[in-house]
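To start, the structure itself, in structure tokens.
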Amino acid sequence: MSLAGHFSYWVTIFLMVAGLFILISRGNLIKKLVGLGIFQTSVYLLYIAPGKLIGGTAPILADNFTVYSNPLPHVLILTAIVVGVATLALGLALTVRIRETYGSIEEDEILAADLVDDAPAAEEKR
Amino acid sequence: MRNDLVLRVIAKLLIPFILLFALYVQFHGELGPGGGFQAGVIAAAAIVLHVLIFGLDATRRIVPERLVETMLAAGVLIYAGVGVAGLLLGGNFLDYFVLSGDRVYGQLRGIFWVEVGVAVTVSGVMLKIFYMFAARGHDDGEDA
Amino acid sequence: MMVATVVILARSRNLFAVVVLGGIYSFLMATVLVALDAVDVAMTEAAVGAGVSTVLLLGALHLCKAEEAKPAHRPWLPLAVAVGTGAVLVYGTLGLPAFSDPEAPIHTHVAPRYLNEALKETSVPNVVTAVLASYRGYDTLGETTVVFTAGAGVIALLRRRKKKDKADAEKAAS
């Protein structure tokens, strides 16, 4: 229950909270995606940090080492990063489409445009 | 930017080495850090660099979109094909032990082909996505 | 340093600066991951986070405008929600095992088996690769399919308009 023992968790939580804050406080869609990315990296840390053993090395087996860090979280996060960038690309593609249809990537302006003229927007979409 | 001599020469020097490094990461992935995901991304990054320096049209001539789209599907098919090969040879789906007479060698072979499949898909997807974004800006009349 | 980058990132309204800071942030994250012995992950993070996603974000910025509008309302409510969430999470960590505790549950279940048997069963010294491609082959097949699907989704989203443009151009030409 020492201070140093939980420091890694607190860094993770700070990053997660910062990502969450950007995500919910900003209206710009690209900024939201960047916030989501920060949230994601905090999850990487959440997985990787507990797998580390002080005095251990990377999990590549060799004769002169006996202590290795846990390989399982590495595997999970490795795939998560690549999937993360794929979903980021999908989000950006959606943003670009929204920008072309509404002429804006601000959430408030999009909602306002939806409320004011639903019919012309739908027409434009076609 | 596209006519900058320094950029063009440096890019020409760098791109082969980036591709070579991608291959090293791919095939050395069993011994050191690396593997299909990283290799695919690095290879895609080399092509992206080519697009940034020489322009989209020049790159499309070297790496046509058809090839990239084929890579997209081919990678998943290679991966699933390894699984089906295991089935056909009498094992379970994605069971590598039956791929070769020797159990350990079968594992090696299975891992190798699976990594190839992953690398092909990942680099195909990254490139395709980049092409789509780049083509969008291109067609709007603005030149990056 | 990472914390400072994130704070500037949250405050900055110029999206170009945000994207570049995002790249810096990814490299810092990769460094942290190397320190945590996750070399495979660090390599991926450096290539993907700092390389590809920065390029993609810049590509998207090129298509949208690069300045964020001033937020309409004060950010106190989101800040309160975020800080509240953080406080609950910090309270939650008090029950978790300390950093680098060899007796933590994460180190006592399947990990030792992977570390002890992987070399014998697959003759691949990099355990991450062995687990990725062999023990958890189904997972990785799923991930590959997800990546493929995302690529297909981007194609579906961004392609149709291009064809319409071409048709429009042809109409205009004729």
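Quick note on labels: first sequence line is chain A, next is B, and so on, each numbered from 1.
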Subject >> Region of B:Ala44 that comes under 4.5 Å of a non-hydrogen atom in chain C >> reply: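 Answer is neither: B:Ala44 stays 4.5 Å or more from chain C.
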Original post:
Is there side-chain contact between B:Leu72 and C:Ile155, with heavy atoms separated by less than 4.5 Å?
Top reply: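 The answer is yes; the side chains approach within 4.5 Å.
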Subject >> Heavy-atom side-chain proximity of C:Val48 to B:Phe37 below 4.5 angstrom >> reply: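 When only atoms from C-beta onward are counted, B:Phe37 and C:Val48 do not touch, as no gap falls below 4.5 Å.
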Original post:
Residues two or more places apart in sequence or in another chain: which of them pass side-chain contact (heavy atoms from CB on, under 4.5 Å) with C:Ala46?
Top reply: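 For C:Ala46, the residues satisfying side-chain contact (heavy atoms from CB on, under 4.5 Å) (neighbours in sequence not counted) are C:Phe27, C:Ala30.
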I need the minimum non-hydrogen distance between [X] and [Y], along with the two atoms involved.
X	Y	result
B:Gln38	C:Asp40	NE2-O, 3.1 Å
C:Leu141	B:Tyr79	N-OH, 3.3 Å
B:Val125	C:Gly151	CG1-CA, 3.9 Å

Original post:
chain B: which of C:Thr140, C:Thr44, C:Val147, C:Leu56 shares the most heavy-atom pairs with it under 4.5 Å?
Top reply: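 Sorted descending by pairs with chain B, the first entry is C:Thr140.
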Subject >> Pairwise salt bridge (charged side-chain N to carboxylate O under 4.0 Å, His left out) hits with a residue in residues 115-129 of chain B, at least two apart >> reply: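 Qualifying pairs, neighbours excluded: B:Glu65-B:Lys128, B:Glu69-B:Lys128.
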Subject >> Distance (rounded to the nearest 0.5 Å) between C:Leu57 CG and B:Phe133 CZ >> reply: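 The distance works out to 8.5 Å.
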Original post:
Highest number of heavy-atom pairs under 4.5 Å with chain C: which of B:Val122, B:Val48, B:Val76, B:Ile42?
Top reply: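 Highest number of pairs under 4.5 Å: B:Val76.
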